[in-house]
Amino acid sequence: MAERMSNREGLRGMANPARYGLERVAYWLQRLSGLGLLAYLIGHIYETSSIVNGKVAWDKMLELTQTTQGHLILTLVIGMCVFHTANGIRVMLGHGGIGVGKPGQPEYPYDKSQRSATGSLNYKQRLCIWVSIALAALAMMYGMAVLFGD
Amino acid sequence: MAVETISKTPEVSVPISSNSIILRISRFNSKTDSSPTFAEFKVPVQKWTTVLEAILFVKQNLDHSVAVRYSCRQASCGSCGMQINGKPSLACYTKISELNSNVVTVEPMHNFPIIRDLAVDFKQMFATHKKMKPYIVREDSEVTPGTKEFLQTPEDVEKYLQFSYCIKCGLCNSSCPTMATDTSFIGPQGLAQAYRYVADNRDDGKKERLKIIDQSHGIWRCHFAGSCSHVCPKGVDPAMAIQLLRGYLLGFRK
């Protein structure tokens with residue numbers, strides 16, 4: 001009841017990427033890939049820790065990753081890793097005020113075209129997001145070629 | 001969410017050329033209701049009819065009890081911010097013809113407590129705004145005899161002018177993904193106002209303001225999603241202000 005009264009959007013609103021343009025999609029992907037990488041890291045620690053149970057246990061664990069599903073998960077991990085890194089660099093530079101545009105006098109009708117031209121929603125930011133997505137796609141394709149090749 | 005359909009048609013004379021839309025208004029009284037409901041009204045519209053005018057038509061002709069806050073009707077006072085078809089916008093600055101829909105849904109802004117229907121409580125936002133010391137801080141004054149007025153070049157003014165356009169409508173706070181989950185976050189409105197004064201070379205309060213925003217629910221909770229700048233009806237660009245402000249704390253700016 002208290003939450004409804006405060007009218008906070010909550011996690012569902014935070015995770016909804018649909019309403020506020022490409023930057024919000026990038027924000028959503030960054031969180032999603034971050035959570036995915038955290039899950040992978042935990043799984044990876046579990047996987048590599050099997051070596052303390054001897055070579056047989058280690059080989060058995062390795063066999064799990066050598067399946068089609070295992071390769072698909074690793075391909076996804078490659079994509080998440082590349083996107084998270086590339087977009088993370090964009091965001092980190094932005095956090096220092098680099099590439100976020102220059103203040104200027106807003107012009108009527110104050111639509112977002114000005115912010116897209118000279119403000120924080122500028123083409124460099126959008127280009128960097130698209131480049132991050134493209135790099136992730138390329139890395140995934142290369143990863144698939146290696147994992148599924150021969 | 002329950003839907004209460006009101007099939008009232010307007011009893012006033014409507015121009016023959018006008019079309020009509022269904023206006024869905026979220027109804028909620030924090031004192032008596034446990035959850036919001038939607039009431040639907042058939043409203044005649046013209047090409048130039050704004051969402052606020054449609055709501056006022058309902059108030060005048062169909063249901064006087066609809067609660068809405070408004071004042072200037074020209075995007076200057078920042079009173080009529082609401083969710084219009086899911087997006088935070090000013091009702092007086094959104095034409096129904098721009099929405100390309102025969103059904104227009106209006107809800108109170110997210111991340112603000114609801115007082116009644118479309119009216120939300122700005123208490124927290126105004127308190128945060130006040131906390132940012134939204135005034136020039138310095139020892140001397142330009143009205144003190146014997147002192148000169150504070151001269152600024154056009155370049156000096158341009159550094160902060162954009163951020164002084166803020167009308168405190170709250171749309172940026174409503175769209176912010178951090179505000180959606182963090183009840184103590186300062187929010188884009190307050191942070192943009194902190195930058196407005198930090199960037200003003202007449203001001204000496206930079207240190208104090210940076211100290212206020214450099215806390216766990218402060219500037220570091222902004223993750224540069226840019227939604228605040230997306231919805232600002234006055235071109236303020238809070239996302240830019242926050243990143244530039246963070247540059248001071250990180251040592252990129254002096």
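Contact count against chain A (heavy-atom pairs under 4.5 Å) is highest for B:S175 among B:A199, B:S175, B:P233, B:P238. The candidate with the highest count of non-hydrogen atom pairs below 4.5 Å against chain B, out of A:S116, A:P106, A:G97, is A:P106. The candidate from B:P88, B:S229, B:A239, B:G226 with the greatest count of non-hydrogen atom pairs under 4.5 Å with chain A is B:S229.
Among all heavy-atom pairs drawn from A:N7 and B:M109, the shortest one is ND2-O, 2.8 Å. Of all non-hydrogen atoms in B:A180 and A:M14, the two that sit nearest each other are CB-N, 4.2 Å. Nearest heavy-atom pair, A:Y20 versus B:V231, reported as atom, atom and distance to 0.1 Å: CE2-CG1, 3.5 Å. Here the shortest heavy-atom pairing between B:Y93 and A:P109 reads OH-O, 2.9 Å. Contact detail for B:L244 and A:P103: the closest heavy-atom pair is CD1-CG, 3.9 Å. The nearest pair of heavy atoms linking A:G101 to B:M240 is C-CE, 3.8 Å.
Inter-residue side-chain proximity for B:N111 and A:S6 is flagged as unmet; no heavy-atom pair is nearer than 4.5 Å. B:H223 has its side chain out of reach of A:V91: every pair of non-hydrogen atoms, C-beta onward, lies at least 4.5 Å apart. A 4.5 Å side-chain heavy-atom check between B:C232 and A:Y110 finds every atom pair outside the cut-off. You'll find the side chain of A:R8 stays beyond 4.5 Å of the side chain of B:T181, heavy atoms only.
Ring-plane geometry between B:F224 and A:H95 is classed as tilted, the angle between the planes lying from 30 to 60 degrees on a 0 to 90 degree scale.
Using a 4.5 Å cut-off between heavy atoms, B:S174 contacts chain A through its backbone alone, with no side-chain atom that close. For B:Y248, no part sits under 4.5 Å from any heavy atom of chain A, backbone or side chain. Residue A:T118 touches chain B through its backbone alone, counting heavy-atom pairs closer than 4.5 Å. For B:K234, the parts lying near chain A are the backbone and the side chain together; criterion is any non-hydrogen pair under 4.5 Å. If you measure heavy-atom distances from A:R31 to chain B, the contacts under 4.5 Å come from the side chain alone. Residue B:D121: no heavy atom, backbone or side chain, is found under 4.5 Å from chain A. Residue contact with chain B, scored on non-hydrogen atoms closer than 4.5 Å, is absent for A:Q30.
One N or O on the side chain of B:Q162 and one on the backbone of A:G104 form a donor-acceptor pair closer than 3.5 Å. Within the 3.5 Å criterion, the main-chain N or O of A:S120 finds a donor-acceptor partner in the side chain of B:D237.
Within a 6.0 Å radius of NZ in B:K168, other residues, nucleotides and ligands contribute more than 12 heavy atoms. By the 6.0 Å contact criterion, CH2 on A:W130 is open, its count of non-hydrogen atoms from other residues, nucleotides or ligands being 12 or less. More than 12 heavy atoms of other residues, nucleotides or ligands lie within 6.0 Å of CZ in B:F126, so this atom counts as buried by the packing criterion. Counting non-hydrogen atoms of other residues, nucleotides and ligands closer than 6.0 Å to NZ of B:K95 gives a total of 12 or fewer.
A:R24 and B:S227 are linked by a side-chain donor-acceptor pair at a separation below 3.5 angstrom, with hydrogens and angles left out of the test.
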